[in-house]
Chemist: 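One structure coming up, written as structure tokens, with questions to follow.
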2 protein chains.
Amino acid sequence: MRDFLPPDARRLSELARRLLGSFELFGYELVTLPVFEYESVLERGLGALEPEEVLRFVEPETGEVVALRPDMTPQLARVVATRLAQAAPPIRLSYQGSVLRRRRERARRHRQIFQAGIELIGLDGPSGDLEALDVACSAARAVGLSDFVLDLGHARIAFALLEGVEPSRQRAAVEALHLKDRAELVRAAAAAGLSQRERDALGALSELHGGREVLPEAASVLAGTRAEAGLAELSRVVLEVDRRGLAPAVVVDLGETRNFAYYTGTTFQLHAHGPGVPIASGGRYDGLLGGFGRPLPAFGFAFGLDDLVWALGSDVLTEIPPRLLLTGEASALAPALRAAGLRCAVGPEQDPLAYAKLWRYTHWVSAAAGQAVVTSVPDQVEQRAPLDAASVARALAG
Amino acid sequence: MRDFLPPDARRLSELARRLLGSFELFGYELVTLPVFEYESVLERGLGALEPEEVLRFVEPETGEVVALRPDMTPQLARVVATRLAQAAPPIRLSYQGSVLRRRRERARRHRQIFQAGIELIGLDGPSGDLEALDVACSAARAVGLSDFVLDLGHARIAFALLEGVEPSRQRAAVEALHLKDRAELVRAAAAAGLSQRERDALGALSELHGGREVLPEAASVLAGTRAEAGLAELSRVVLEVDRRGLAPAVVVDLGETRNFAYYTGTTFQLHAHGPGVPIASGGRYDGLLGGFGRPLPAFGFAFGLDDLVWALGSDVLTEIPPRLLLTGEASALAPALRAAGLRCAVGPEQDPLAYAKLWRYTHWVSAAAGQAVVTSVPDQVEQRAPLDAASVARALAG
């Protein structure tokens, strides 16, 4: 749990605004959801909540267990199934807010993650996938990220091969796949009773990661297995993503193993230089809304604002609009300067320049001999102008 | 706890953006604070928390009691005293977010209140009061409220008369003052051992509510009592508020009894037609920061966004920017329309007009005989244009 101080808080807020504005261009409309939710709602969406994932407490009045949401999707599903039950799909919703994740690491503290994302509900298969991927990549560009990688996967490739396998053996294979340990993976597949063809296919998945050139190889490896349909769907998406030029770079990861239980189709992550984690991720989850009584296909993703700030680095969103610190007689100009849309505050008479630097004012406006003295901060270049708001505004503009 | 759906969520968010933009014009910078806080921090700021006011829970790892904040000021005080400990005053911070209040009424449920506000730290007395009042009134105008009442009070008028009185008797007098029950008030004042002059003064306070004309009367009633200094300070503020024309209407309430323990000087509420509660309120609290180890004078206020939406009614923030629903061949125009800044989504082929109405699209764009057909929603006036994005944009603009 952290505080965001100026100017970081402003940057985060501006970033969220741009993301939501970009989502709006695609018809997505904002919903605002409570910061905590009955555990029963979250569990309907997420399955049994791992105690280490969720911070929960008992509501004194009702005795019901309430949890700080680790994810906003179950809440959106609740809204779609209840208050929007009569609303015709496709349903396009966007959100921003913080979710709470408990850390698994040594310092077992909570972490408040600021997110902005969308849910596209009621459009199935590749057409829905492509719209959501278009929204994600457009939003990344809208916030100024020109260099990112779209990493595509599919929940029904590795998982399809492991379908019906007893859970503990399934987990062992998934773990080996995650570690890209081919030898262990083939061993786990054999122990799970897979056919030779399926063992070979699963083993190959651990290495099927790269550009679209992995697709033909995958098609031959997966031919005749239960993973064929998932691969065909993903291939269509990858080719269309390429054709439309949605992302500067596209990679495919057929051994992707995130959130098996949650996702049911195409999954993706956006990677950028800087953070070691994806700046956005999401995928198709066609099974979730059924748990809320309104079975509809869905695709959702969220950007992590913190990680996005990191990826954007110092290049972007750092331009500060003019902010004026006024002292002495110049203070009287404040109302007229604000009416002209200029940000300004009255500063301390003592050491105003140090104060201006500390609080990121771009100019210090004082008065001398009946003139306004506009001093730029921090380089202290002086301009003089008549002591009225219009002249000061002109001095700034020129 | 409520969900905000479109278009209410958008309205709330736009309103917050305008308020924060207005605060920025006065040099206030955004901070973002965690949604919950250690009880010990809140208590340092708010005094012992009433169990019915705060939703609290135990953090499993540390056993510390964590509470969902009923107010953001103590968190800001913590930030000012710790991470901004080296920052020179005046400190001008703004915030938005939700606070949680437990309801006292029959249905004892929580209420998540969306707020946007400021804290001005390090400017004491009338000069600080006037800046904060200016920010509040300017923000009300910036969101389109032209008709509101600024209701001013002072925490050291009634309270000054009751200083040193035993708490239970003090509470009885405050209660009588709150109910404007003069007879009971005089009785309570006598029981509290006040002098005749103080009893008369306290009794008179219950009726000293109105325009600035109450000030001379108050001056004569309070002359020679401990409330004189508070009244003098408030009078200066009221006269200057009038002189500067900060608010369309100003009233003074000398019997104001809100939050005695918290406020130490000028207090105010903004009232508007519609909601039965103030749309903004705040005041001077010079004692709070000392509890965090950095004694500085301070003035803060918050707007309640919900109540503000109500006060603004249907007049304001209802203009929807063009939102296009595209079907059939017209769907191919989407990327170019978005590049031109137009919001658009691809709609269902079945009954697109009903869908467009439901989801507040302003136009439905279809194609017939190689032309774009732009149908306005809901009045269904058709325009035809060549089937390209520029022509559709021109048709909308014209």
Side-chain angles (χ1 to χ4, degrees), chain A residues 1-7 9-10 12-13 17 20 24-36 55 57-61 68 75 79 83-84 87-90 92-93 98 100 108-110 112 114 131 138 323 325 338 341-348 351 354-355 358-361, chain B residues 1-7 9-10 12-13 17 20 24-36 55 57-61 68 75 79 83-84 87-90 92-93 98 100 108-110 112 114 131 138 323 325 338 341-348 351 354-355 358-361:
Chain A
M1 303 294 286
R2 277 182 302 153
D3 307 304
F4 288 87
L5 303 187
R10 183 175 192 280
L12 214 65
S13 146
R17 203 179 68 76
L20 293 168
E24 270 191 327
L25 279 179
F26 286 79
Y28 289 77
E29 288 194 288
L30 188 65
V31 293
T32 300
L33 302 165
V35 292
F36 60 84
L55 187 67
F57 53 93
V58 174
E59 200 181 39
E61 292 85 357
L68 289 166
Q75 292 187 303
V79 165
R83 291 187 60 198
L84 293 175
R92 293 182 172 94
L93 302 174
S98 60
L100 200 92
R108 285 190 148 243
R109 304 292 288 186
H110 323 302
Q112 188 177 15
F114 290 86
E131 172 170 326
S138 298
R323 295 185 75 221
L325 187 71
R338 286 181 195 127
L342 285 164
R343 295 148 201 236
C344 54
V346 175
D351 208 353
Y355 181 88
L358 172 70
W359 291 105
R360 290 165 299 280
Y361 287 88
Chain B
M1 302 297 285
R2 277 182 303 151
D3 307 304
F4 289 87
L5 302 188
R10 183 176 192 281
L12 214 66
S13 146
R17 202 179 69 77
L20 292 168
E24 270 191 328
L25 279 180
F26 286 79
Y28 288 77
E29 288 194 287
L30 188 65
V31 291
T32 299
L33 303 165
V35 292
F36 60 84
L55 187 68
F57 52 94
V58 174
E59 198 182 39
E61 292 83 358
L68 289 165
Q75 291 187 304
V79 165
R83 291 188 58 197
L84 294 174
R92 294 179 171 96
L93 301 175
S98 60
L100 201 93
R108 284 192 148 241
R109 305 291 288 185
H110 324 300
Q112 188 176 15
F114 290 85
E131 170 170 327
S138 299
R323 294 184 77 222
L325 188 72
R338 285 180 196 129
L342 285 163
R343 294 149 200 236
C344 55
V346 175
D351 209 352
Y355 181 88
L358 172 70
W359 289 104
R360 291 165 298 281
Y361 287 88

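The analysis underlying the following values was restricted to heavy atoms, covering all of them including side chains, and did not include hydrogens, waters or symmetry mates. In the text below, chain A, chain B and the rest are named by the order of the sequence lines, each starting its count at 1.
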Chemist: Side chain, backbone, both or neither: which part of A:F26 has a heavy atom under 4.5 Å from chain B?
Modeler: both
Chemist: What part of A:L20 gets within 4.5 angstrom of chain B, counting heavy atoms only: side chain, backbone, both, or neither?
Modeler: neither
Chemist: With A:L5, which of B:L30, B:V31, B:L33 fulfils side-chain contact (heavy atoms from CB on, under 4.5 Å)?
Modeler: B:V31
Chemist: Side chain of A:Y28, backbone of B:A345: donor and acceptor closer than 3.5 Å?
Modeler: no
Chemist: Checking A:W359 side chain against B:A88 main chain: does a donor-acceptor pair fall under 3.5 Å?
Modeler: yes
Chemist: So which heavy atom on A:P34 is nearest to which on B:Q112, and how close?
Modeler: CA-OE1, 3.2 Å
Chemist: Counting only non-hydrogen atoms closer than 4.5 Å, does A:R323 touch chain B with its backbone (N, CA, C, O), its side chain (CB onward), both, or neither?
Modeler: side chain
Chemist: Of all of B:G341, B:P348, B:P90, which one pairs up most often with chain A through heavy atoms under 4.5 Å apart?
Modeler: B:P90
Chemist: By a 4.5 Å heavy-atom criterion (distance strictly below it), what part of A:L325 contacts chain B: side chain, backbone, both, or neither?
Modeler: neither
Chemist: For the interface with chain A, which of B:R17, B:E131, B:Q75 has the highest count of heavy-atom pairs at distances below 4.5 Å?
Modeler: B:R17
Chemist: So, B:R343 side chain and A:E24 main chain: donor-acceptor pair closer than 3.5 Å or not?
Modeler: no
Chemist: Measuring from atom CZ of A:F4 to atom CZ of B:R83, what distance do you get when rounded to the nearest 0.5 angstrom?
Modeler: 9.0 Å
